[in-house]
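For reference, the structure is listed below as structure tokens.
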Amino acid sequence: MNNGQPDINPKLLSPYNPEETEGRIYKLWEESGFFNPDICIEKNVTDKDAEPFSIVLPPPNVTGTLHIGHASMLAIEDIMVRFARMQGKRTLWLPGTDHAAIATQSKVEKIIEKEEGKRKNDLGREEFLKRVNTFAQDSHDTIIDQAKKMGASLDWSREAFTLDDKRSLAVRTAFKKMYDDGLIYRGNRIVNWDPKGQTVISDDEIVYEERKAKLYTFKYSKDFPISISTTRPETKVGDVAVAVHPEDARYKEYVGKEYDEIFCGVPIHIKIIADAAVEKDFGTGALGVTPAHSQIDADIAYKHNLPTVQVINEYAKMIVGGENLLGKKTTEARDIIVEWLRTEGLLEKEEEITQNVSTAERTGGIIEPLPKLQWFINVNKPIKDRDNKTLKDLMLEPIRGKNINILPDRFEKVYYNWVENLRDWCISRQIWYGHRIPVWYKGNEIYCDVEEPKEADWEQDPDTLDTWFSSGLWTFSTLGWPDLESKDLQIYHPTTVLETGYDIIFFWVARMILMSQYLLDEIPFKTVYLHGLVRDAQGRKMSKSLGNIIDPLDVAKKYGADAVRMSLVMGTGPGNDSKMSEDKIKSYKNYANKLWNITRFVLSNTNEIKYNDNFQEYTKKDKELLTERDEIFKTITKEMEEYKFYLAGDKIYQYTWARFADIIIEESKPILNGENDEDKSSRAQFLLDTLIKINIILHPFMPFVTEEIWSLLPVENKNLLMVTPWPINDTTN
RNA sequence: GCGCGGUUAGCUCAGUUGGUAGAGCGUCCCCUUGACGUGGGGAAGGUCACAGGUUCGAAUCCUGUAUCGCGCACCA
């Protein structure tokens with residue numbers, strides 16, 4: 001043992017300083033080129049015939065900055081990727097960002113309105129899109145910078161954007177093929193109209209909010225035989241029928257009769273019909289049918305061949321009635337009609353109920369069901385050259401057949417349930433930012449192709465596509481599709497893992513399976529790892545109003561990105577929400593420092609010996625320690641392969657601190673200070689070997705501090721730690 | 001209404017195929033010993049939500065209940 005001045009790097013004499021270290025280390029990694037699997041092969045750290053491992057990054061929306069959820073996603077995926085890379089796999093982690101159509105457009109609209117008092121129509125489509133693109137670019141740059149700060153080993157040379165040229169080509173190609181197969185059609189149907197965002201949205205973009213409402217029970221007129229109930233009296237001027245249950249004795253005699261009434265000044269024609277969809281016990285057991293403003297009513301109307309009378313427009317204003325109603329907002333019209341019912345003595349009952357109100361996910365606007373001409377994807381149509389399977393079938397097959405493994409598997413049920421109840425997907429949006437629908441019109445003619453028609457006078461559909469349409473292509477549009485010759489596509493697709501939040505299993509996971517199955521006849525990924533929400537220490541959602549938001553960059557600056565990563569991974573498994581607190585992060589900062597101090601001790605006490613990675617003369621005691629250690633490392637490796645990172649991380653943490661530092665190092669002190677040279681060199685070799693291996697194994701979790709320590713370790717011919725081979729190859733028992 | 005998940009130490013959570021309950025943080029006591037006070041040693045603290053059942057043996061498997069949370073559907 002060296003008394004006095006140990007001959008070690010002076011850096012080790014002061015505590016570990018993540019802020020000084022992390023930027024420098026990331027630069028080293030980037031300059032090495034090892035994020036790119038081609039360079040790994042070129043530089044001989046990866047075998048060219050190695051098994052591929054690929055993940056495409058769920059592209060963050062270019063709507064602002066990274067939040068703690070993104071940081072958690074980056075941490076988990078980076079662990080997977082670094083582990084695979086160190087195992088020698090041909091590893092690709094492909095980055096990108098999402099234009100997030102509605103979300104980005106409405107954000108920019110808000111900014112422009114606030115700063116300039118202008119609306120998008122004041123600027124015009126072209127100028128407005130310019131503004132959105134500038135915003136998206138800024139936002140993109142911030143996000144990329146943040147991802148780098150978290151240590152993400154993404155191959156930046158392959159970066160993609162859902163709205164760039166290559167992805168646009170993929171989108172148009174996909175659209176065209178679906179159009180030609182008759183899977184995409186244009187139809188006039190009841191859609192979810194968002195009056196606030198002035199666009200249609202899909203069923204999945206609806207968020208239900210529980211609110212108090214009044215249920216009014218009344219008759220259209222004094223002579224009308226049946227009372228009905230509604231929470232939306234203003235829509236009743238659009239009623240065309242009253243539906244009752246076929247078995248309902250109360251109303252049987254009226255079925256088939258027709259009535260003409262004047263309802264609040266509006267003439268209506270009501271037919272009494274019988275339909276089993278009506279519940280006898282709800283309200284009066286009779287349902288006023290409003291085909292234009294209710295999906296269910298539209299279904300009933302279709303069955304009974306009833307007309308559709310639209311009474312509300314895109315601005316949620318009345319388009320029928322006299323001065324009393326015409327042009328009024330729906331909420332005003334409601335009061336007017338209720339007042340009219342009251343004075344006419346038609347109102348029989350008013351009761352408070354709670355109901356789920358449909359709101360638009362992005363804008364919060366209350367959804368107004370309206371009949372509109374839109375583009376849809378038919379999920380129930382048999383596809384001829386696919387054995388007459390439907391898109392639904394194609395979505396279900398790989399999960400049923402276990403070709404795609406969902407973690408945790410309980411989400412399989414949720415997935416089935418969703419797919420089985422899926423209705424046609426409305427893909428057109430009345431917004432400017434996004435992929436414009438590749439369809440052109442000339443009079444009654446319609447033209448759909450990947451490129452615009454050569455002849456003049458064709459006018460392109462003004463609408464754009466749902467952002468999830470392009471996201472659905474993500475696993476292969478990023479790898480070169482529609483170019484089937486693309487090397488990346490051949491090597492890396494299907495991707496190995498999709499790691500994403502369970503909250504977008506329908507939006508995204510299902511759509512990717514749909515698109516990949518249909519367009520490539522191939523699954524998009526083999527395993528889906530679903531992470532949960534990151535909540536605060538008390539388990540609450542993080543939100544601005546609660547003031548409990550933890551900014552990943554703030555805490556990374558304070559405690560180091562390693563500590564933040566570790567705290568995001570520990571104590572959390574797939575499918576479960578996790579909790580986050582500064583205390584938790586702090587404890588992993590301490591861990592990084594502990595490792596640093598262990599390194600100082602080991603290096604300063606072993607610098608007299610030469611590290612030999614094939615040392616054979618271990619003492620009996622040290623052989624036992626080796627066996628114990630390797631058993632733990634083996635378990636850790638196995639757990640990593642099973643995606644149980646929380647268990648693996650905890651084991652390496654426990655081993656380093658509670659076993660290696662607290663017990664083994666303490667017991668080593670007398671040995672290293674003793675007189676027995678064989679014991680001394682054996683123990684010194686063990687300490688060095690173990691320190692080295694702890695660093696390797698911990699690297700996927702805490703890449704910065706381990707890479708920094710690695711640079712100080714006496715390993716011969718070493719490369720960067722990020723491409724150093726994993727020490728355990730065989731996990732079979 | 002249908003489905004899913006949670007309920008384990010003060011707090012946050014582990015607990016792999018059933019075999020005497022674990023960690024971190026917090027609390028209390030001790031240690032300014034040469035890697036580290038961002039540390040070390042020790043202690044207190046649990047009818048594993050409840051009730052049945054299966055079993056030699058249940059936190060773990062089965063049934064039911066309570067409770068919290070989530071998803072879907074309904075929402076006239």
Side-chain angles (χ1 to χ4, degrees), chain A residues 1-4 6 8 12-16 203-204 208 210-211 213 215-217 227-233 235-236 239 242-244 277-279 282-290 294 296-297 300 353-358 408 410-418 420-421 502-503 505-506 532-533 535-539 541 559 563 567 570-573 575-605 635 638-639 642 644 646-647 649-651 653-654 657-658 661-663 665-666 668-669 673 687:
Chain A
M1 166 145 186
N2 214 331
N3 289 322
I8 56 164
L12 274 172
L13 297 177
S14 43
Y16 174 61
D203 295 343
D204 305 288
Y208 294 102
E210 215 169 68
R211 289 188 194 175
L215 183 68
Y216 302 95
T217 302
S227 305
I228 57 164
S229 300
T230 185
T231 53
R232 299 200 58 191
T235 64
K236 297 289 109 181
D239 279 13
V242 165
V244 298
V278 180
E279 272 186 51
F282 191 94
T284 61
L287 165 65
V289 181
T290 324
S294 155
I296 308 233
D297 292 12
I300 293 175
I353 58 159
T354 52
Q355 64 163 8
N356 281 331
V357 178
S358 309
R410 63 184 146 89
F411 280 97
E412 284 177 12
K413 242 184 189 169
V414 183
Y415 180 87
Y416 291 142
N417 188 273
W418 182 79
E420 279 156 10
N421 293 312
Y502 65 71
D503 51 330
I505 183 165
F506 307 137
L533 251 59
R535 297 167 176 275
D536 75 358
Q538 283 117 61
K541 271 189 187 172
Y559 304 106
S567 61
M570 300 307 295
T572 169
N576 291 325
D577 293 352
S578 60
K579 279 163 196 162
M580 193 52 170
S581 64
E582 281 210 34
D583 276 348
K584 191 171 171 190
I585 304 171
K586 219 188 280 177
S587 70
Y588 291 109
K589 179 194 160 74
N590 294 351
Y591 177 52
N593 194 52
K594 184 74 183 180
L595 191 68
W596 189 254
N597 289 318
I598 289 171
T599 305
R600 181 191 309 152
F601 175 85
V602 173
L603 290 189
S604 59
N605 285 284
T635 309
K638 207 169 172 183
E639 285 169 345
E642 290 166 353
K644 294 173 176 168
Y646 50 107
L647 293 180
D650 192 53
K651 282 212 178 58
Y653 176 92
Q654 293 301 333
W657 204 318
D662 288 349
I663 312 276
I665 284 183
E666 288 309 319
S668 300
K669 286 175 182 173
N673 285 318
L687 291 179

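In what follows, every chain begins at residue 1, and chains take the letters A, B, ... in the order their sequences are listed.
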Using Watson-Crick or G-U wobble geometry with both distances below 3.5 Å, tell me the partner of [N], or none.
N: B:C48; answer: none
N: B:G37; answer: none
N: B:U32; answer: none
N: B:G1; answer: B:C72
N: B:G18; answer: none
N: B:A66; answer: B:U7
N: B:G57; answer: none
N: B:U27; answer: B:A43

With the side chain counted from C-beta on, respond yes when [X] and [Y] share a heavy-atom pair under 4.5 Å apart, and no when they do not.
X: A:Ile665; Y: A:Asn605; result: no
X: A:Trp657; Y: A:Asn590; result: yes
X: A:Asp204; Y: A:Trp418; result: yes
X: A:Tyr588; Y: A:Met570; result: yes

Rounding to an integer number of Å, can you tell me how far [X] [atom1] sits from [N] [atom2]?
X: A:Ile296; N: B:C75; atom1: CD1; atom2: C1'; answer: 9 Å
X: A:Ile665; N: B:G34; atom1: CD1; atom2: C1'; answer: 14 Å
X: A:Tyr502; N: B:C70; atom1: OH; atom2: P; answer: 9 Å
X: A:Glu210; N: B:A73; atom1: CD; atom2: C1'; answer: 14 Å
X: A:Arg535; N: B:G69; atom1: CZ; atom2: P; answer: 11 Å
X: A:Lys651; N: B:U16; atom1: NZ; atom2: C1'; answer: 8 Å
X: A:Asn597; N: B:G40; atom1: CG; atom2: P; answer: 10 Å
X: A:Asp577; N: B:A14; atom1: CG; atom2: P; answer: 11 Å

Would you mind classifying the nucleic acid contact of [X] as base, sugar-phosphate or nothing, using non-hydrogen atoms under 4.0 angstrom?
X: A:Ala661; answer: base
X: A:Val278; answer: base
X: A:Ile228; answer: nothing
X: A:Tyr16; answer: nothing
X: A:Thr231; answer: sugar-phosphate
X: A:Leu12; answer: nothing

With rounding to the closest Å, how many angstrom separate the [atom1] atoms on [N] and [M]?
N: B:G53; M: B:U12; atom1: C1'; answer: 33 Å
N: B:U16; M: B:A73; atom1: P; answer: 35 Å
N: B:U20; M: B:U47; atom1: C1'; answer: 15 Å
N: B:G69; M: B:C61; atom1: C1'; answer: 25 Å
N: B:A44; M: B:G22; atom1: P; answer: 13 Å
N: B:G19; M: B:C25; atom1: P; answer: 27 Å
N: B:A59; M: B:G52; atom1: P; answer: 14 Å
N: B:C48; M: B:A23; atom1: C1'; answer: 16 Å

- Excluding sequence neighbours, so at least two apart, what forms ring pair (Phe, Tyr, Trp, His ring centres under 6.0 Å) with A:Tyr559?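 With neighbours one apart ignored, the set is empty.
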Closest to the [X] side chain: [options]?
X: A:Leu647; options: B:C36, B:A14, B:C74; value: B:A14
X: A:Asn356; options: B:C75, B:G15, B:C36; value: B:C75
X: A:Asp662; options: B:A73, B:C36, B:G40; value: B:G40

| request: Could you check whether the rings of A:Phe411 and A:Tyr502 sit parallel, tilted or perpendicular, using 30° and 60° as the cut-offs? | output: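 A:Phe411 vs A:Tyr502 ring planes: parallel.
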Test side-chain hydrogen bond (donor to acceptor under 3.5 Å, both in side chains) applied to [X] - qualifying residues, sequence neighbours left out:
X: A:Ser294; answer: A:Asp297
X: A:Tyr216; answer: none
X: A:Ser358; answer: none

Using salt bridge (charged side-chain N to carboxylate O under 4.0 Å, His left out) as the criterion, list what pairs up with [X], not counting sequence neighbours.
X: A:Lys594; value: none
X: A:Arg535; value: A:Asp577
X: A:Asp662; value: none

Polar atom pairs (N or O), protein with nucleotides 18-26 of chain B, under 3.5 Å:
unit_1 : atom_1 : unit_2   : atom_2 : d
B:A23  : O2'    : A:Gln654 : NE2    : 2.8

In B/S/- notation (B base, S sugar-phosphate only, - none; protein heavy atoms under 4.0 Å), nucleotides 2-12 of chain B written 5' to 3' is -SSS------S
Both A:Ala658 and A:Pro15 contact RNA chain B. Taking the nearest nucleotide for each, which residue is further toward the 5' end?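 Going by which nucleotide is closer to the 5' end, it is A:Pro15.
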